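Shown next, in structure tokens, is the structure this report addresses.
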Amino acid sequence: MAYDFSEIESKWQKYWLDNRTFAALDPHDAGGMPKAYVLDMFPYPSGQGLHVGHPEGYTATDIVSRYLRMKGVNVLHPMGWDAFGLPAEQYAIKNNVHPRQTTRENIDNFRRQIQSLGLSYDWDREVDTTDPKYYRWTQWIFLQLFNSYFDPINQKAMPIEHLRRELMNQNYVVTPDNEVVINPTTEGMEQLGGEVRVERLWGELSPSEQQQLIDAQRLAYMDEVPVNWCEGLGTVLSNEEVVDGKSEVGGFPVERRPMRQWMLRITAYADRLIKDLELLQWPESLKEMQRNWIGRSEGAEVDFELAGEAASAKPAADEPDEPGDETPVITVFTTRPDTLYGATYMVLAPEHPLVEQITTAQQKQAVDDYRQAVATRSERDRLTVTKEKSGVATGAYAVNPINNEKIPVYIADYVLMGYGTGAIMAVPAHDQRDFDFARKFSLPIKPVVQPVVSAIAPIAGDQNPAQNNSTQTPEKAFEGEGVAIGSPLINGQPTQQAKQTIIKALQADGTGQRSVRYKLRDWLFSRQRYWGEPFPILLDEEGNAHALEESELPLTLPEMDDFKPTGTPEPPLSKAASWTRVQRNGQVFTRETNTMPQWAGSCWYYLRYIDPANDQRFVDKEKERYWMPVDLYVGGVEHAVLHLLYARFWHKVLFDLGHVSSAEPFARLINQGLILGETEFHFFEHEGGKPISVNEITDIHEEATKRGVRLCGTHKPTGEKVYATSVIDALVEKKGQDYVLRSDPSIKVDARAFKMSKSRGNVVNPDQIVEEYGADAFRLYEMYMGPLEAQKPWNTRDIVGMARFLSSVHRNITGDEESNRVVEIVDEPVAEGLERLMHRTIKKVGQDIEALHFNTGIAELIKLNNEMTGLTRMPRELAENFVLMLAPFAPHLAEELWGVLGHNKSLARRPWPTFDPDRMVEASVEVPVQINGKLRDRITIAVDADEAAVFAAAESSPKIKPWIEGKQVKKRLYVPGRLVNMVVQ
RNA sequence: GCCUCCGUGGCGGAAUGGCAGACGCUGCGGACUUAAAAUCCGCUGACUCGAAAGGGUCGUGCCGGUUCGAAUCCGGCCGGAGGCACCA
């Protein structure tokens, strides 16, 4: 009977579903079984359906899951849907259907596609973020965030009530900036006589101040901040969702505008998010991306007082000075406090609040013009690094606290309000940006760091920065470390030590302190869309937020016919008037009408899989402790700073509050490589049609044009922008390292595989592959293409190799009617050579699966199968071991053949075959013989032969003799069982 | 500009200090067949010597180093992919 994959595959898919073959056991049913939580990244069920990239990771985790089950492990391997989100809503608006309906259809399609691949998910645990039974707990977690704060002493999230108590006990006090700090008097820092206490006690605040203070401390808080407003999507976006000034989704322009929004205090966790990366088995590159995104910088804050005239140059319209009103102070953040003596001017961000106050009358017009110009420049322009620095003097001067020198204060757009304090001390000798600015404005450049001269004489051509100490002005700032010069307090100190000395000095006189800053911003958590989780929040008339009771959850979305964006920042939910207005105890409240971003549901889904039906808790404590953390997490690298950062943050909050048992959710993570489209060739040509060799083209990139997406680049010699034309591979040949046109080999062409995209038309549809070759062949091909982590081009032609392998396996066990080949399964021992190969294969395949080296594992199975080809009496032991080893990779065929071998139950939990090391070794072995490291012959020796015997055999070989005759053998090496090498002279 | 990773036949890739190119695709030859498909068997890095059997030389982006021995380790350069980007 022929191998009919479609019949076999649907039969077993049904069997697995009907028999709940892959259901994970709850802890108390698992006995002493070890556990493994094997997880795929949560898919968004898009209308386009599955892409060949999805099954790559899914197949990898499926192979591991199936293998571990056969090894007697209790495996949790779930799948579900991250189903809230913009595309479903946009589709719904366009086609006038409810997003719930679109979402349901998309989920059904995704599930069908995934099930057609024979993936061993425990479908009892399927979750859907848009299900109120699910988002009830998303809202519950939001309330946990709302009802807690980050405690400065314990360095962790604690209930907000704890904060209230500490404030009431006067353990904490409030600074003038409304920060909560430890009461200095309880720290043994009794205030000095006569000095005014600047902190306020809880009791000194009015009730509304108290409320605002508490609200501002919550991990989920509302704030008026400049947000990324995206007109095209009709919503605001988080920093992580904005790429190059455009929305990551859709590429719409994004502008900054101030709005009152929900924020999550992820910055409080910045340090722990960096530090705990050490605990994780993640790719180093991914950890590095998270570290860079968080962007921790250690340095100091330094206060510069305004010099006399500037301080009093306030516009007359200003309120009269209050008693105690001090000279304005500009606080800067620097990572190089050791260069403080080299500060020759200061720069404020144009938006800095002090600008208004310090600008002199003469400079007012120039400053206003500059600020105006900066404000109208688009965000994208400002993001572009321009070589030319711009700025304008404020006319004010500030005093350097270390040497009392007066230095001018500028504003310039190269200083950003959003980082540090929005102000810098400029040290042009040691910062390239400051250097460029100083050159343009003819400001002094004062070197204060001497590069360390290497004791080794500089090699010719080596650019030694130490040569800069001549009188001529250097061309570049020296940004490295060295020894302080021209800085009385620290002269001669190396950079690291100098930094510490300066910080101590500043601290001692109250003009500065140690400080750590982050690039990471708090997470903007509001979206002006309909299709998301509603916030469980009521707003009173003053706009203060009040949490719903847990018993009121879930707060479901109102039924609306019109859920289109309003075109303004007013969210669509505001149109549901009856839903929005809430009366309670005679007071009128409005519901929060923003919804949560798509990332909310995916921040904790891995916890819900553990206990998906629980209606008492988001996850049962005991089950959570059993299953967490996730042992293997596989997904694309595109979530490096979105999902993976957000989820770690939520998990840490839940951990701090005692709701989960592990500090980190995902112990081991692998990024699967992108699957690209088939390789394409392009050649470039001038406007007139004259072809250009690709090595004369630079900056090659894709561009959307009227004729679709085209490859374009810049012609190096002329600077002309040129486009490329696609050529079929028959017109191209390889010449050395390059591909050239057959018709004109002097023209090198561009060869590359592109990311699959609808606009390029190079998307491969998995349904079609499954129909043509079967799911098992598709799975094998995806794994056989190369290492899981590597990016690799798709090549449909290669799949036949896997299809042939599977039908060959089928024939080797069932026989082949067409060629009249009859195979009999016999209870006979396996022939010696084949037996040896079988044991080796068992060992290698197991190792390869554990190391996620599926491509080489499959190669071993192919090799063994090739040796089984032609047998008419198939030993049962060999056939069964082979089928069991094939099962994780090609489960449908394996189950079918398992039945052919006389078994009537699934092999899903049959033990994985074992190997016997004694049966793997041969009595004799062939080893290469090298002379001076070059292969000259091979000899066959007994596997346990001693060195002397091996050398004797090698030297007596007729091919070796000529190489050593008349020469002196200086050294003999024998790597047992591997090789012989002789050094002769 | 900075950070991370990568570079091996016609193609995907294997080998992580010890026989370079496992395994698959492609291509070529053979068997089976009236024929074709399918299947089975063999060859398939380049150059070169030889009638053949069988040899030799070169070869893992380029240049250098360490080592008895390097695709693998070290230094420099070139090319590609990804991330960050006026972050003080």
Side-chain angles (χ1 to χ4, degrees), chain A residues 2 244 283-289 291-293 295-297 299 332-336 339 347 382-387 389 412-416 418-427 431-434 436-437 517-519 637-638 640-641 671 673-674 676 678-679 695 700 729 733-734 736-737 739 752 780-781 784-787 789-802 804-805 807-808 811 816 818-819 821 853 855-863 866 869-870 926-935 937-938 959 970-973 975 978-984:
Chain A
D244 290 339
E284 198 44 49
S285 58
L286 185 65
K287 291 186 185 182
E288 201 53 36
M289 277 162 77
R291 283 189 205 107
N292 289 343
W293 189 261
R296 182 191 152 97
S297 308
V332 303
F333 173 68
T334 177
T335 55
R336 289 296 297 270
T339 62
V347 185
R382 271 198 79 175
L383 279 166
T384 322
V385 182
T386 41
K387 281 213 179 79
K389 291 277 179 289
D413 67 353
Y414 83 91
V415 173
L416 309 172
Y419 187 77
T421 59
I424 61 158
M425 62 176 208
V427 184
D431 182 290
Q432 191 58 43
R433 295 155 300 175
D434 297 343
D436 296 342
F437 189 88
R517 294 279 168 166
Y518 302 93
K519 217 170 73 181
V637 73
E638 66 272 18
V641 291
N671 287 126
L674 205 61
L676 304 170
E678 303 216 6
T679 305
N695 47 353
I700 298 175
D729 39 351
E733 64 185 345
K734 187 138 188 192
Q737 285 289 302
Y739 289 91
R752 69 177 67 200
L780 280 175
Y781 174 64
Y784 196 66
M785 287 168 79
E789 298 91 330
Q791 192 171 102
K792 44 215 168 247
W794 179 269
N795 188 354
T796 298
R797 208 172 46 187
D798 283 347
I799 301 174
V800 297
M802 297 301 107
R804 283 181 198 154
F805 164 60
S807 21
S808 166
R811 276 193 303 274
D816 182 14
E818 243 182 294
S819 60
R821 180 174 162 211
H853 294 165
N855 52 338
T856 52
I858 295 168
E860 296 304 313
L861 290 174
I862 295 174
K863 259 200 286 198
N866 287 346
T869 300
E926 192 188 65
V927 294
V929 181
Q930 296 181 339
I931 303 293
N932 294 340
K934 278 195 180 358
L935 176 71
D937 194 19
R938 293 171 228 269
K959 280 189 196 159
K970 297 197 77 171
K971 199 168 175 181
R972 294 180 174 85
L973 283 118
V975 185
R978 305 271 334 195
L979 119 166
V980 178
N981 188 17
M982 286 185 279
V983 186
V984 301

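Here is how names work: the chains are called A, B, and so on, in the same order as the sequence lines, proteins then strands, and each is numbered from 1. Bear in mind that the values here come from a model prediction, so they are computed numbers and not experimental data.
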Determine the Euclidean distance between corresponding [atom1] atoms of [M] and [N]; express it in Å to zero decimal places.
N	M	atom1	answer
B:U72	B:G18	P	11 Å
B:C47	B:A38	C1'	38 Å
B:C6	B:G75	P	14 Å
B:A22	B:A15	C1'	8 Å
B:G9	B:A46	P	12 Å
B:A85	B:G79	C1'	22 Å
B:C86	B:G82	C1'	22 Å
B:C77	B:G7	C1'	14 Å

Residue pair A:Phe333, A:Ile424: steps toward the side-chain contact (heavy atoms from CB on, under 4.5 Å) verdict: CA-CA 6 Å; A:Phe333 173 68; A:Ile424 61 158; over 6 Å; no
Look at the side chain of [X] and decide which nucleotide, out of [options], has an atom nearest to it.
X	options	answer
A:Val975	B:C3, B:G12, B:G18	B:G18
A:Arg811	B:C84, B:U39, B:A88	B:U39
A:Gln791	B:C86, B:C40, B:A81	B:A81

Could you identify the nucleotide paired to [N], looking across every strand shown and requiring Watson-Crick or G-U wobble geometry with both distances under 3.5 Å?
N	result
B:C5	B:G80
B:G69	none
B:U16	none
B:A85	none
B:U33	none
B:G24	B:C11
B:A51	none
B:U60	none

Between [atom2] of [N] and [atom1] of [X], the distance in whole Å:
X	N	atom1	atom2	result
A:Tyr414	B:C86	OH	P	14 Å
A:Lys792	B:C5	NZ	C1'	14 Å
A:Leu676	B:A81	CG	C1'	10 Å
A:Lys971	B:C68	NZ	C1'	5 Å
A:Asp413	B:A88	CG	C1'	14 Å
A:Phe333	B:A88	CZ	P	7 Å
A:Arg433	B:C86	CZ	C1'	6 Å
A:Phe805	B:U39	CZ	P	14 Å

Looking at [N], I'd like to know if its phosphate oxygens (OP1 or OP2) sit under 4.0 Å from a side-chain N or O belonging to [X].
X	N	result
A:Ser285	B:C3	no
A:Arg978	B:G17	no
A:Lys934	B:C68	no
A:Arg291	B:C84	no
A:Lys734	B:C11	yes

Looking at residues at least two apart in the chain, or sitting in another chain, which of them share a side-chain contact (heavy atoms from CB on, under 4.5 Å) with A:Lys959? A:Asp937, A:Ser957
Check whether the side chain of A:Lys389 and the base of B:C86 form a donor-acceptor pair under 3.5 Å. yes
Please evaluate the base of B:C68 for a donor-acceptor partner in the side chain of A:Asn981 within a cut-off of under 3.5 Å? yes
Steps toward side-chain contact (heavy atoms from CB on, under 4.5 Å) verdict (A:Val415, A:Asp413): CA-CA 5 Å; A:Val415 173; A:Asp413 67 353; over 6 Å; no
For a quick check of understanding: with a heavy-atom distance under 4.0 Å over all strands, which category does [X] fall into, base, sugar-phosphate or nothing?
X	result
A:Lys287	nothing
A:Pro283	nothing
A:Tyr739	sugar-phosphate
A:Arg752	sugar-phosphate

Report, one pair per line, the protein and nucleotides 59-66 of chain B atoms (nitrogen or oxygen only) whose separation is under 3.5 Å.
none

Syn or anti for B:G9 (syn when the glycosidic angle lies within 90° of 0): syn
Do you know the tightest heavy-atom contact between A:Pro793 and A:Thr679? CB-OG1, 4.0 Å
What is the minimum heavy-atom distance between A:Ser808 and A:Thr869, and which atoms define it? OG-OG1, 3.9 Å
B/S/- contact track for nucleotides 20-32 of chain B, protein heavy atom under 4.0 Å: --BBBSS------
A:Asn932 side chain vs A:Val984 backbone, donor-acceptor pair below 3.5 Å: yes
Look at the rings of A:Trp794 and A:Tyr781 and say which category their plane angle falls in: under 30° parallel, 30 to 60° tilted, over 60° perpendicular. perpendicular
So, A:Ser297 and A:Tyr419: side-chain donor and acceptor under 3.5 Å apart, yes or no? yes
I'd like to check [X] versus [Y] (side-chain heavy atoms, cut-off strictly below 4.5 Å). Are they in contact?
X	Y	value
A:Val427	A:Met425	yes
A:Glu789	A:Asn671	no
A:Asn855	A:Met785	no
A:Tyr414	A:Asp436	no

Identify, between A:Asn292 and A:Thr335, the residue whose nearest nucleotide on RNA chain B lies closer to the 5' end. A:Asn292
Any chance CZ of A:Arg291 has more than 12 other-residue heavy atoms, nucleotides or ligands included, within less than 6.0 Å? yes
